Structure formats: structure tokens, C-alpha cells
Visitor: 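Starting off with a structure, shown below.
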Amino acid sequence: MITIIYSFTGTGNTLAVARQLADALGDTTIIPITRAMKDGPLPPEAETADAIGFAFPIYYVDMPAIVQEFVHGLQISGNPYLFGVATCGGSPGGALFNLDALLKTKGAHLSLGAAITMPENFIGPMNLMEPVEKVEGILATARERIPEIADAIRDKRECPLEGSDSTSYRVVASFFRYLITSVYGTTRRLHATDRCNRCGICARICPTENITVTDNAVAWGSACTWCYACIHWCPQEAVEIGGRTKGRRRYHHPDVTVKDMVEQKGDSNPSLQ
Ligand SMILES: Cc1cc2nc3c(=O)[nH]c(=O)nc-3n(C[C@H](O)[C@H](O)[C@H](O)COP(=O)(O)O)c2cc1C
Ligand code: SF4
Ligand code: SF4
């Protein structure tokens, strides 16, 4: 069975899960969504795959905007088995139901939607990250789910989508997102402190090309998709959201590197580890 997984990650959790799933399934190609978007809406592999998966992190109980945009523009040929794998901190909300609804507008549907709890990367304005000593256990529990999900995909099973599709949950979540992104304004408050040495990594990994690094400054635009990659991957821990994230530990998945993040953008540099 030939499988494609379109993947998007900010701090590596989703890429690590996509890789584990690819290993369990065999014959699987992982295509970074940001690269597929650069190459055009219809990569040739999409025409021959038996199964197509979408792997992404949950942001505010939904898909990242960049993932929505990608799926919206994707043409699905033939009748592949479609599945979604969302990584989250434990509250996936209606993201997989929303993905299913989006696919239904294309005459397709999601046959399996798994939400896998991974370490939290929501560092600010409030810190939802668990104590560091819990990270290893969360990763181990998540890994245990992979064989069962791979079996269901291999058997092309129709499974109930994971998460919650309730309207009240959606309303509360939208209000929470509005408060944080619009009222508090996380994107406006992203900045580099004087620890920054202008290495340029943040600009090279930002999936939306939202960061510009010059000799004198680092500047953020307004096209942020809230992946928090710039905050967690900065080697100097110089990226902050206002004053709220100062001193908080940074996180990325232990099996994912800056080089993987740069490759996600389609710009490889072997000197980065
Ligand atoms: C802006 C933002 C919003 C988030 N919202 C949620 C959420 O609503 N529910 C949840 O369980 N986790 C939430 N998270 C946590 C991430 O979904 C989780 O850590 C995910 O595994 C990160 O994946 P990545 O490492 O592939 O980027 C959020 C993280 C960020 C940065
Ligand atoms: S990654 Fe950090 S140190 Fe490097 S340019 Fe960006 S903010 Fe500065
Ligand atoms: S600016 Fe930072 S948080 Fe926003 S999309 Fe780019 S890397 Fe992600």
C-alpha cells in the first residue's frame, strides 16, 4: 500500500509522529505541507497513493490556518483512504471534524481521525507546558498508539473521529483564541531580546516567511500561523512574547532537529544540525 502523509510541525511533535507512523506502515512518503504549497497544489504522488494522511498540531482546538489553506487547495484524484493525525496537548476539540467537513466539500471524507497527546508547546502568554519530568512519559504513551493506528489505516477501517464536535466547546474555544490572539495580541508582541546574535535560524524555519533578520534587528510581520517555532528553536532563547515567556523552558521533540525544520521549508543546509 502506497501512503502519503502531508505534514506540518512547529516544534517537531507532529513530524516525529508522522515518521513513526510511516515506519509502521512502510511504503510511506512524508511531504511537508509548506513544500507542497511551494511546488503547487497537485503533487504527482497524490494521483497514485492508496492512502493520504494529514498530520498537524492543534492550535486553539482547530487545524493551523496553513493546513486548512493547503487542504482547501488540494485536488484529490481517485478514491484514496484519507486519514488525519493531530498532535495536541490533550484537547483536540473539533479539528478532525473540521478537516472531515473540508474534505466533504471535495466529495471525499476522513475515514480515521486520531488525536495524539504529546508534550505541550503553548508557552505563552500563559504557560500550559507540563513540568519537564513528565515529557518522557507523554512521548512513550504517544508512541504506544502508533501500531494500533497503523493497523487501522492498513485495513482501511472507518473509525469514529477523535475529539469533540460540540457547539458550546467551539464557542468557548473561539472566544479564548480571540482573547489571546487579538486582545492580548501574541503576534504583535513577538520580539528578540539582546541575547539574539542574528544567526538567522528563526527566519529560515518560519513556515510563513514572517521573520526578517538583518545585521541590526529581527522583525516579525503579521502573517504568523502561531506555530511557536521561532520561540522554541532559537538557540539563544532570545524570542519572547511580550514579557510573559521570559525564563520559561523551551521545547522541541528530541528526535527532530533544526535541519529538519529548515528542510520543511524546502531550504536545506547541511551545516545545520
Ligand atoms: C498557538 C497554540 C495553540 C495550541 N492550542 C492547543 C489546543 O487547543 N489544544 C491542545 O490540546 N493543544 C494545543 N496546543 C499544543 C500543541 O497542539 C501540541 O503541543 C502539539 O503537539 C505541537 O505540535 P508540533 O510540535 O508538531 O508543533 C497549542 C499550541 C500552540 C502553539
Ligand atoms: S534564532 Fe534567535 S538568535 Fe537567531 S536570529 Fe532569530 S532571534 Fe536571533
Ligand atoms: S513568526 Fe514564529 S510563531 Fe509565527 S509562524 Fe513564524 S515561526 Fe511560527
Side-chain angles (χ1 to χ4, degrees), residues 7-19 32-34 55-67 85-95 115-126 128-130 135 138-139 142 163-164 169-170 172-174 176-177 180-181 186-241 245 250-256 258 260-261 264-265 272:
S7 158
F8 175 76
T9 190
T11 54
N13 285 345
T14 310
L15 180 59
V17 165
R19 283 174 171 166
I33 283 175
T34 39
F56 53 87
I58 299 284
Y59 298 157
Y60 301 109
V61 298
D62 206 344
M63 288 174 275
I66 197 167
V67 175
V85 179
T87 72
C88 64
S91 310
I116 302 186
T117 299
M118 293 290 278
E120 254 296 347
N121 66 356
F122 193 89
I123 190 174
M126 65 284 248
L128 300 186
M129 295 169 72
E130 57 283 315
V135 167
I138 294 171
L139 291 174
S164 162
Y169 195 92
R170 280 171 193 268
V172 172
S174 309
F176 181 69
R177 179 175 62 190
I180 293 178
T181 60
T186 40
T187 309
R188 288 194 303 274
R189 292 175 193 262
L190 281 166
H191 69 280
T193 65
D194 54 13
R195 298 167 70 129
C196 169
N197 62 8
R198 317 277 186 268
C199 70
I201 285 175
C202 53
R204 294 188 66 200
I205 65 174
C206 172
T208 57
E209 315 274 1
N210 193 41
I211 305 175
T212 312
V213 179
T214 63
D215 287 346
N216 303 317
V218 183
W220 277 259
S222 56
C224 181
T225 198
W226 308 322
C227 73
Y228 284 23
C230 53
I231 307 168
H232 288 286
W233 288 100
C234 169
Q236 306 302 321
E237 301 193 359
V239 181
E240 309 279 7
I241 303 174
T245 45
R250 270 41 176 177
Y251 168 80
H252 64 77
H253 191 283
D255 299 339
V256 176
V258 170
D260 294 321
M261 296 303 296
Q264 170 169 262
K265 283 270 299 291
L272 291 173

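Since this is a predicted model, take the numbers as computed values, not measurements. Whatever order the structure lists ligands and atoms in, that order sets their numbers, starting from 1.
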Visitor: For residues Asn216 and Arg198, report the shortest heavy-atom separation together with the two atoms involved.
Guide: O-NH2, 2.7 Å
Visitor: Would you mind checking which non-hydrogen protein atom is closest to atom 5 (S) of ligand 3, with the distance to 0.1 Å?
Guide: Thr225 N, 3.3 Å
Visitor: When you measure from atom 20 (C) of ligand 1 to every protein heavy atom, which one gives the shortest distance, and what is it?
Guide: Thr87 OG1, 3.4 Å
Visitor: Could you count the protein N, O or S atoms found under 2.8 Å away from atom 8 (Fe) of ligand 2?
Guide: 1
Visitor: Check whether any heavy atom of Gly90 sits under 4.0 Å from an atom of ligand 1.
Guide: yes
Visitor: Give the contacting part of Tyr59 toward ligand 1: side chain, backbone, both or neither, where contact means a heavy-atom distance below 4.0 Å.
Guide: both
Visitor: Can you name the atoms of ligand 1, numbered from 1 with element, that are less than 4.0 Å from a heavy atom of Asn121?
Guide: 15 (C), 16 (C), 18 (C), 19 (O), 22 (C), 27 (O), 29 (C), 30 (C), 31 (C)
Visitor: Which atoms of ligand 3 sit under 4.0 Å from any heavy atom of Tyr228?
Guide: 3 (S), 8 (Fe)
Visitor: Just jot down the ligand 3 atoms closer than 4.0 angstrom to any heavy atom of Trp220, in number order.
Guide: 1 (S)
Visitor: What protein heavy atom lies closest to atom 2 (C) of ligand 1? Include the residue and the distance to one decimal.
Guide: Phe122 CD1, 3.4 Å
Visitor: For Arg19 and Val256: C-alpha separation, side-chain torsions, deciding distance, then whether side chain to side chain contact (heavy atoms under 4.5 Å, CB included) applies.
Guide: CA-CA 10 Å; Arg19 283 174 171 166; Val256 176; 4.1 Å; yes
Visitor: I need the nearest protein heavy-atom contact for atom 4 (Fe) of ligand 3: residue, atom name and distance, please.
Guide: Cys224 SG, 2.4 Å
Visitor: For Thr34 and Gln264, work out which heavy atoms get closest and say how close.
Guide: OG1-O, 2.6 Å
Visitor: Hey, are Thr14 and Thr87 close enough side-chain-wise for a donor-acceptor pair under 3.5 Å?
Guide: yes
Visitor: Just need the protein heavy atom nearest to atom 8 (O) of ligand 1, so name the residue and atom and give the distance.
Guide: Val61 N, 2.8 Å
Visitor: Can you give the donor-acceptor pairs under 3.5 Å from side chains of residues 219-233 to other protein atoms, not counting sequence neighbours?
Guide:
unit_1	atom_1	unit_2	atom_2	d
Tyr228	OH	Gly124	O	2.8
His232	ND1	Tyr251	N	2.9
His232	ND1	Tyr251	O	3.3
His232	NE2	Asn121	O	2.8
Trp233	NE1	Gly10	O	2.9

Visitor: What distance separates Ile205 CD1 from Thr11 OG1, expressed to the nearest 0.5 Å?
Guide: 10.0 Å
Visitor: Check each atom of ligand 1 against the heavy atoms of Thr11 and keep those under 4.0 Å away; list them by number with element.
Guide: 24 (P), 25 (O), 27 (O)
Visitor: Nearest 0.5 Å please: distance from the OG1 atom of Thr245 over to the CZ atom of Arg189.
Guide: 11.0 Å
Visitor: Working to the nearest 0.5 Å, report the span between CD1 of Ile241 and CD1 of Ile123.
Guide: 7.0 Å
Visitor: List ligand 1 atoms under 4.0 Å from Met118, heavy atoms only on the residue side.
Guide: 21 (O)
Visitor: Note the single closest protein heavy atom to atom 19 (O) of ligand 1, along with its residue, its atom name and the distance in Å.
Guide: Pro119 O, 2.9 Å
Visitor: Mind listing the closest non-hydrogen atom pair of Lys265 and Ala203 along with its distance?
Guide: NZ-O, 3.4 Å
Visitor: Counting non-hydrogen protein atoms only, what is the nearest one to atom 9 (N) of ligand 1? Give residue, atom name and distance.
Guide: Ser91 O, 2.8 Å
Visitor: May I ask you to identify the nearest protein heavy atom to atom 5 (N) of ligand 1, giving residue, atom name and distance to one decimal place in Å?
Guide: Tyr60 N, 2.9 Å
Visitor: Could you tell me which atoms of ligand 1, counted from 1 in the order shown, lie closer than 4.0 angstrom to a heavy atom of Trp226?
Guide: 1 (C), 31 (C)
Visitor: Set out, in order, the CA-CA distance, both residues' side-chain angles and the distance that settles side chain to side chain contact (heavy atoms under 4.5 Å, CB included) for His191 and Val239, then state yes or no.
Guide: CA-CA 6 Å; His191 69 280; Val239 181; over 6 Å; no
Visitor: For ligand 1, which atoms, with element, lie under 4.0 Å from some heavy atom of Gly10?
Guide: 24 (P), 26 (O), 27 (O)
Visitor: Going through the distances and angles, do Met261 and Leu15 end up as a side chain to side chain contact (heavy atoms under 4.5 Å, CB included)?
Guide: CA-CA 9 Å; Met261 296 303 296; Leu15 180 59; 5.7 Å; no
Visitor: At what distance is the nearest protein heavy atom to atom 12 (N) of ligand 1, and which residue and atom is it?
Guide: Gly89 N, 3.0 Å
Visitor: For a quick test of reading the model, state the closest non-hydrogen atom pair linking Cys202 to Val218 and the distance between them.
Guide: SG-CG1, 4.1 Å
Visitor: Note the single closest protein heavy atom to atom 6 (C) of ligand 1, along with its residue, its atom name and the distance in Å.
Guide: Ile58 O, 3.4 Å
Visitor: Answer yes or no: is there a side-chain heavy-atom contact under 4.5 Å between Ile33 and Phe56?
Guide: no
Visitor: Answer yes or no: is there a side-chain heavy-atom contact under 4.5 Å between Pro119 and Glu130?
Guide: yes
Visitor: Contact between His253 and ligand 1, counting heavy atoms under 4.0 Å?
Guide: no
Visitor: Minimum heavy-atom separation for Met126 to Ile180, with atom names?
Guide: CE-CD1, 3.7 Å
Visitor: Determine whether Arg170 and Val61 satisfy the following criterion, side chain to side chain contact (heavy atoms under 4.5 Å, CB included), listing intermediate values before the conclusion.
Guide: CA-CA 8 Å; Arg170 280 171 193 268; Val61 298; over 6 Å; no
Visitor: Mind checking the SG-CD spacing from Cys196 to Glu240? Nearest 0.5 Å is all I need.
Guide: 11.5 Å
Visitor: Could you tell me, atom by atom, which parts of ligand 1 come under 4.0 Å of a heavy atom of Glu120?
Guide: 12 (N), 13 (C), 14 (N), 15 (C), 19 (O)
Visitor: Just jot down the ligand 3 atoms closer than 4.0 angstrom to any heavy atom of Thr208, in number order.
Guide: 5 (S)
Visitor: Going by heavy-atom distance to atom 18 (C) of ligand 1, choose the closest among Cys88, Gly124, Ala16.
Guide: Cys88
Visitor: Between the candidates Pro64, Pro207, Cys230, which shows the shortest non-hydrogen contact distance to atom 2 (Fe) of ligand 3?
Guide: Cys230
Visitor: Can you confirm whether His253 sits close enough to Leu139 that some side-chain heavy atom of one is under 4.5 Å from a side-chain heavy atom of the other?
Guide: yes
Visitor: So that I can check it, does any N, O or S atom in Cys227 come closer than 2.8 Å to atom 8 (Fe) of ligand 3?
Guide: yes
Visitor: OG1/Thr9 to CG/Asp260 distance, rounded to the nearest 0.5 angstrom?
Guide: 9.5 Å
Visitor: Going by the order shown, which atoms of ligand 1 are within less than 4.0 Å of some heavy atom of Thr9?
Guide: 24 (P), 25 (O), 26 (O), 27 (O)
Visitor: Is the closest N or O pair between Tyr228 and ligand 1 shorter than 3.5 Å?
Guide: no
Visitor: What are the atoms of ligand 3, with element, lying closer than 4.0 Å to any heavy atom of Cys206?
Guide: 1 (S), 5 (S), 6 (Fe), 7 (S)
Visitor: Of the non-hydrogen atoms in Ala95 and Met63, which two are nearest, and what is the gap between them?
Guide: CB-N, 3.8 Å
